[in-house]
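To start, the structure itself, in structure tokens.
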Amino acid sequence: MRKLMSIGILSCLFAFSANAQDSLQLHLQGIKERVSQDRAIRNDFYKLPALRPFQYKQSMTPVDISYFSDNKELYNYQLGSGDKGFRIKTDSYIMNSFPNLTLWGNATYENIKVQDLKFNETSDYHLVFPYLIADSVGGNLNSEVYQFSGGIAKEIGNWVLAGEAGYKANLSHRKRDPRPDNNSSDIYAQIGASYFLTPTYLISAHVGGRFYKQRNTLDFISEKGRPQVFYFNGLAAYNRLLSGSFNPPGQFLYNVNGINAKLSIAPKNDSGFMAEVGVSQNSGKRTLPLSSANANEWTDQVISGKLGYVNANDSWRYGAMAKMDLQTRKGSEGLFNNDGAVTGGYTKISEISSYRYYNFQYNLEAFIGKENWSIKPFATFTQIKEQYLNPFREQWANIVKVGVQGQYLYQMKDGLFGISLNLQKQKVLDKNSVINITRGTALEDLLSQNYMFLTAEPFIVGGEARYDFVVNEQVKPFVKANALTSTEIKQKYYALTLGFVF
């Protein structure tokens with residue numbers, strides 16, 4: 001925590017000294033660069049390290065604290081009904097302080113209570129699912145997340161050389177039975193280079209990697225009424241030999257190693273065509289305290305692509321982007337034997353490839369507007385399929401989401417007020433579920449509930465209001481409020497953020 005706070009304070013002081021002479025007009029231009037939805041398409045392309053020098057025109061370091069609350073009546077049991085807590089964050093972007101050098105970094109601390117978790121006592125669900133440690137009792141889970149990262153880009157002639165690295169830690173626990181104690185760390189880094197093909201267009205290449213580890217323990221204080229502990233292999237399937245109502249000593253270990261690569265073409269300025277292709281692959285494994293052999297191994301591959309065009313001039317602004325993300329996760333499980341030959345453990349005798357998960361997303365969005373207002377329609381088509389092979393279980397759905405977002409920015413004498421409204425509707429085109437499990441059991445309820453949430457068709461209304469103002473040359477506070485509500489899943493979300501910009 002001390003290191004995190006030190007990084008944030010140093011970043012703020014550095015940015016303050018670099019930008020103390022900025023005028024109000026430059027300050028408001030910097031705010032618009034970050035909050036205007038007509039720049040969101042462009043900014044999304046420039047998150048790669050070797051393109052970061054061209055992401056913004058103004059240096060800025062906001063520091064803020066947020067309180068948020070999210071609650072759903074219909075939800076995925078293994079993700080919970082929502083979360084609430086607070087977040088402290090700083091995000092610094094510094095250019096022109098040194099010749100041809102761009103620096104950036106961020107630091108975040110989150111204190112969260114995830115509510116109503118069931119059949120999941122493992123952290124970082126999206127990285128390790130479906131291989132969860134689970135029980136039917138669950139409860140609220142307290143989580144602390146520490147994250148910081150930083151990068152540097154150097155322009156040398158027609159080249160831009162850049163690198164970025166970061167670290168994220170997640171500490172989760174519960175003070176009542178069942179009592180998980182999870183500790184995860186995620187280290188990631190990437191390097192890249194860009195080259196000017198023409199005076200206005202760059203070609204950019206990046207490669208990166210990650211190393212993730214989670215240590216998970218599950219304890220019970222009470223000697224009576226212990227629920228059964230499941231070691232899930234996918235769609236509520238579990239190894240009957242390893243699972244049970246006992247509490248094995250030791251730690252459940254998760255390891256994930258990943259690599260990724262991206263190639264892109266983008267303009268240096270605010271207008272032009274942009275394209276990007278990428279691939280990433282994670283390889284994971286889980287080890288149980290009952291055996292030193294891997295109980296599960298999986299690979300997760302994502303193929304991605306983006307194609308966009310933006311045009312910004314003194315009057316009209318318009319643009320569009322099409323992108324896709326094709327995720328495929330395949331996993332295997334070990335088969336174990338306990339013949340008494342190994343004291344206090346199980347022997348792995350074989351393994352089978354048993355789990356498949358596909359999540360293909362295709363997104364199209366566009367915007368049109370002027371400097372102070374814009375309208376952004378969007379549509380997403382998603383194909384999700386999850387399978388467990390023996391006994392055969394399957395859930396799949398083809399889902400369309402359409403919506404429109406409008407934004408208006410009003411510049412006042414000493415500040416900027418912005419408001420946005422987001423409307424979207426989800427429609428399930430086709431779906432199917434093969435549960436193949438005993439009716440009336442807790443596991444059948446798990447699959448049925450998660451399938452109902454997957455195939456729900458909510459109408460969502462969301463809004464945001466933000467006010468940036470200037471007290472003096474050094475003090476530039478802002479306040480932001482967010483709210484969202486939806487039908488069918490009956491979601492209610494709100495957040496309030498207070499901060500300063502240096």
Side-chain angles (χ1 to χ4, degrees), residues 72-82 116-122 124-136 138 230-240 243 282 284 286 296-303 324-333 352-363 380-401 425-458 460 486-491:
K72 298 180 285 289
E73 292 187 16
L74 176 61
Y75 57 94
N76 184 315
Y77 276 163
Q78 293 172 303
L79 294 175
S81 64
D116 304 315
L117 275 174
K118 292 180 68 175
F119 293 105
N120 180 12
E121 302 294 359
T122 308
D124 304 321
Y125 172 90
H126 293 288
L127 196 57
V128 302
F129 82 89
Y131 303 110
L132 310 175
I133 313 302
D135 62 81
S136 60
F230 303 96
Y231 305 146
F232 279 157
N233 293 316
L235 285 174
Y238 62 96
N239 190 308
R240 296 182 182 275
S243 301
N282 291 331
R286 174 175 69 167
N296 300 97
E297 297 180 1
W298 69 93
T299 60
D300 187 79
Q301 184 183 81
V302 178
I303 299 173
M324 69 174 187
D325 293 282
L326 311 179
Q327 179 186 10
T328 300
R329 180 170 297 197
K330 297 181 179 180
S332 63
E333 62 186 84
I352 57 174
S353 179
S354 55
Y355 180 76
R356 304 287 185 270
Y357 175 82
Y358 308 94
N359 187 343
F360 296 169
Q361 295 190 16
Y362 309 88
N363 179 266
T380 301
F381 176 59
T382 304
Q383 296 175 295
I384 295 179
K385 178 183 286 188
E386 189 174 14
Q387 293 178 326
Y388 186 81
L389 302 184
N390 187 21
F392 182 74
R393 295 172 185 170
E394 180 181 68
Q395 293 183 346
W396 60 268
N398 296 331
I399 303 168
V400 170
K401 182 185 294 183
K425 171 62 179 176
Q426 181 167 300
K427 179 69 176 178
V428 178
L429 302 180
D430 202 3
K431 62 182 180 179
N432 189 48
S433 175
V434 180
I435 293 180
N436 195 15
I437 197 171
T438 303
R439 300 291 178 178
T441 63
L443 295 181
E444 189 268 340
D445 180 49
L446 164 67
L447 295 182
S448 297
Q449 171 81 3
N450 289 357
Y451 181 67
M452 289 174 59
F453 176 74
L454 173 67
T455 58
E457 299 181 329
I460 302 172
S486 69
T487 63
E488 194 162 342
I489 64 173
K490 300 187 184 304
Q491 181 180 12

If I take atom CD from residue Gln301 and atom CD from residue Gln327, how far apart are they, to the nearest 0.5 angstrom? 10.5 Å
Testing the basics here: between Asn233 and Pro130, what is the closest heavy-atom pair and its distance to 0.1 Å? O-CG, 3.8 Å
Given side chains that start at C-beta, do those of Leu326 and Met324 come closer than 4.5 Å, heavy atoms only? yes
Search all heavy atoms of Tyr231 against all heavy atoms of Ser243 and return the closest pair with its distance. N-OG, 3.2 Å
Among all residues two or more places apart in sequence or in another chain, which pass the salt bridge (Lys or Arg N to Asp or Glu O under 4.0 Å) test with Asp300? Arg329
Calculate, to the nearest 0.5 Å, the distance between atoms CD1 and OG1 belonging to Ile435 and Thr441 respectively. 9.0 Å
Set of ring-ring contact (aromatic ring centres under 6.0 Å, His included) partners for Tyr75, sequence neighbours left out: Tyr77
Close side-chain approach of Ile399 to Leu454, heavy-atom, < 4.5 Å: yes
Please confirm whether the backbone N or O of Gln361 pairs with a side-chain atom of Thr382, one donor and one acceptor, at under 3.5 Å? no
Can you see which heavy atom on Leu74 is nearest to which on Ala456, and at what distance? CD2-CB, 4.1 Å
Looking only at atom types and distance, does a side-chain atom of Tyr451 sit under 3.5 Å from a main-chain N or O of Asn432, one as donor and one as acceptor? yes
I'd like to check the ring-ring contact (aromatic ring centres under 6.0 Å, His included) partners of Phe129; sequence neighbours left out, ordered by chain and number. Tyr125, Tyr357
Donor-acceptor pair, Gln426 side chain versus Pro458 backbone, under 3.5 Å? no
Do the side chain of Arg356 and the main chain of Lys330 share a donor and acceptor less than 3.5 angstrom apart? no
List the steps, then state whether side chain to side chain contact (heavy atoms under 4.5 Å, CB included) holds for Phe453 with Asn76. CA-CA 6 Å; Phe453 176 74; Asn76 184 315; 4.0 Å; yes
Of all pairs that satisfy salt bridge (Lys or Arg N to Asp or Glu O under 4.0 Å), the ones with a partner from residues 431-443, not counting sequence neighbours: Arg439-Glu444
By salt bridge (Lys or Arg N to Asp or Glu O under 4.0 Å), which residues pair with Arg240, not counting sequence neighbours? none
Without swapping roles, check the side chain of Gln395 against the backbone of Leu447 for a donor-acceptor pair under 3.5 Å. yes
Which distance, rounded to the nearest 0.5 Å, do you find between the CG of Asp430 and the CG of Asn398? 6.0 Å
Quick check: closest heavy atoms across Glu457 and Lys425, and the distance to 0.1 Å? O-NZ, 2.7 Å
Within the distance-only criterion (no hydrogens, no angle test), does the side chain of Thr122 pair as donor or acceptor with the backbone N or O of Ile133 below 3.5 angstrom? yes
Looking at side-chain heavy atoms only, is the closest gap between Leu443 and Phe232 below 4.5 Å? yes
Side chain proximity check, Leu446 to Gln78, heavy atoms < 4.5 angstrom: yes
Heavy-atom side-chain contact between Thr380 and Tyr362 under 4.5 Å: no
Is there side-chain contact between Trp298 and Asn282, with heavy atoms separated by less than 4.5 Å? no
For the atom pair CG (Leu429) and NZ (Lys427), what is the distance rounded to the nearest 0.5 Å? 8.0 Å
Rounded to the nearest 0.5 Å, how far apart are OG1 of Thr328 and CD1 of Ile303? 7.0 Å
Once you round to the nearest 0.5 Å, how far does CG of Asn296 lie from OG of Ser354? 7.5 Å
Nearest non-hydrogen partners of Lys118 and Asp445, listed with the distance: NZ-OD2, 4.5 Å
Contacts under 3.5 angstrom, residues 383-392 side chains, donor-acceptor by atom type, not counting sequence neighbours:
residue : atom : partner : partner atom : Å
Glu386  : OE2  : Tyr355  : OH           : 2.6
Gln387  : NE2  : Glu394  : OE2          : 2.6
Tyr388  : OH   : Glu333  : OE1          : 2.6
Tyr388  : OH   : Glu333  : OE2          : 3.4

